[in-house]
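Some notes on the structure that comes next.
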There are 2 protein chains.
Amino acid sequence: MSTEPLATIDTELDEQITDLLRRSDQRFTKGRRALVEALLAGGQPMTIHQVLETDTRLAQSSAYRNLVVLEAAGVVTRIVTNDDFARYELAEHLTHHHHHLICSSCGDVTDFALDDQAEAGLDAALHKIAAATGFTVEAHRLDLVGVCSDCD
Amino acid sequence: MSTEPLATIDTELDEQITDLLRRSDQRFTKGRRALVEALLAGGQPMTIHQVLETDTRLAQSSAYRNLVVLEAAGVVTRIVTNDDFARYELAEHLTHHHHHLICSSCGDVTDFALDDQAEAGLDAALHKIAAATGFTVEAHRLDLVGVCSDCD
DNA sequence: GGCTAGACGGAAACGATTCTCATTCCGATT
DNA sequence: AATCGGAATGAGAATCGTTTCCGTCTAGCC
């Protein structure tokens, strides 16, 4: 497998991922590396189909399985929208905290970030809620649903 | 069908729904009324299975079909989480703007609202983003993912 | 009463995801 | 470098929530 990587995983990222996987007793194999490279090259949340198209050497069953492994290890995040396909992207702590623009017409997902002030305000409000409800917060998800400029 | 409604749809709500449906050339039939009653009685987002259990007179195929109709008409909203079941609840404009606490352990979804100030701040920030990206915003979705007090 | 378009319900079809299992790969050990 | 053990892989089959089909029934209308 693997001849021409679509995107290069630099040493630091490589070590982070290897480490994350090791914590779940998993190895950073070639197939998993190819998945991460595809996601890195994609630059935005991708469906399994998109990933498989990007790198035809990947077997569908392995892609599904390994994305589950990578998600469990905290390397990638699974995003569910309203269309029928799950999407994956690199986890936030390997990139940066962000949110999603979801196109209700074509299903495409792109990333965006709030400015620091808005994010801080949001965070404070959410902590209040969490405290009031006895809910242990792991993450917050903020999506904008609308129509992207392509579909408009 | 329909003998003992689980929850009563007051006149105002009834008219609103009838009107929404009429705009998509659909009628507010007994089966659809039963669905809305079940959702109303549930008081929180429900899976199809929960809806069907609530009212055993409902046929599965009709429930799925009618929920699609009701969603297209803007009467209900479909919520997709990370577990395997889609959930439905009454649309925001028939209730009030709110967000979701999603339990990553049991999949349960409950509603919460931000205080007005936080919501306004969020809204302002999102409008900025939308303007900058050429994205036409239809709605925003804010979910808190974590562990509910039952699962803790 | 009949007529017609739409709604209904049971069952079959669909499709994204998961499972199975035989095979291959990887790393450690002699 | 040969071997062994356990994990990873890939092709296809199985799963299961959801959707669609299709014959039947209803509601509304003349």
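In what follows, chains carry the letters A, B, and so on, assigned in the order in which the sequence lines appear, proteins first and then strands, with residues in each chain numbered from 1. Given the structure is predicted, the values throughout are model-derived calculations rather than measurements. Values below: every heavy atom of this structure, side chains too, minus hydrogens, waters and symmetry copies.
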From [atom1] of [X] over to [atom2] of [N], roughly how many Å is that when rounded to an integer?
X: B:Phe28; N: C:dG6; atom1: CZ; atom2: C1'; answer: 17 Å
X: A:Glu71; N: C:dT17; atom1: CD; atom2: C1'; answer: 13 Å
X: B:Arg87; N: D:dG17; atom1: CZ; atom2: P; answer: 13 Å
X: B:Asp83; N: D:dT18; atom1: CG; atom2: P; answer: 9 Å
X: B:Arg32; N: C:dG9; atom1: CZ; atom2: P; answer: 11 Å
X: B:Leu58; N: C:dA7; atom1: CG; atom2: P; answer: 16 Å
X: A:Asp84; N: D:dC16; atom1: CG; atom2: C1'; answer: 14 Å
X: B:Asn66; N: D:dT18; atom1: CG; atom2: P; answer: 16 Å

- Message: With a 6.0 Å cut-off on the ring centroids, do A:His127 and A:His140 count as close?
- Response: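 For A:His127 and A:His140, the ring centres are not under 6.0 Å apart.
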
- Query: Under a 4.5 Å cut-off applied to non-hydrogen side-chain atoms, are B:Val109 and B:Glu89 in contact?
  - Reply: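 A side-chain contact is absent here, since even the closest heavy-atom pair is not under 4.5 Å.
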
- Item | Pairwise salt bridge (charged side-chain N to carboxylate O under 4.0 Å, His left out) hits with a residue in residues 131-147 of chain B, at least two apart |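 Residue pairs with at least one partner in residues 131-147 of chain B: A:Arg141-B:Asp143, A:Asp143-B:Arg141.
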
- Message: Closest approach to the side chain of A:Gln26, judged atom by atom: which nucleotide of C:dC8, C:dA16, D:dA8 is it?
- Response: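 Looking only at side-chain atoms, A:Gln26 lies closest to D:dA8.
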
- Proximal nucleotide (of C:dT18, D:dG17, C:dT17) relative to the A:Ile48 side chain: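 Shortest atom-to-atom distance from the side chain points to C:dT17.
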
- Task: Please work out if B:Gln60 contacts a base, only the sugar-phosphate, or nothing of the nucleic acid, heavy-atom cut-off 4.0 Å.
- Result: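 If one applies the 4.0 Å heavy-atom cut-off, B:Gln60 turns out to touch a base.
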
- Query: What one-letter contact string describes nucleotides 20-30 of chain D from 5' to 3', where B marks a base within less than 4.0 Å of any protein heavy atom, S marks contact via sugar-phosphate atoms alone, and - marks no contact?
  - Reply: B------S---

- Fit a plane to each ring of A:His49 and A:Phe85, take the angle between them on a 0 to 90° scale, and name the class: parallel (under 30°), tilted (30 to 60°) or perpendicular (over 60°).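 It falls in the perpendicular class, over 60°.
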
- Taking the side chain from B:His93 and the backbone from B:Gly74, do they hold a donor-acceptor pair closer than 3.5 Å?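 Pair found, side chain donor or acceptor close to backbone of B:Gly74.
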
- For the pair B:Thr47 (side chain) and B:Arg87 (backbone), establish whether a donor and an acceptor sit closer than 3.5 Å, ignoring hydrogens and angles.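 Not a single qualifying donor-acceptor pair exists.
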
- Task: Please name all residues satisfying side-chain hydrogen bond (donor to acceptor under 3.5 Å, both in side chains) with B:Asp123, sequence neighbours left out, ordered by chain then number.
- Result: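 Here no residue qualifies.
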
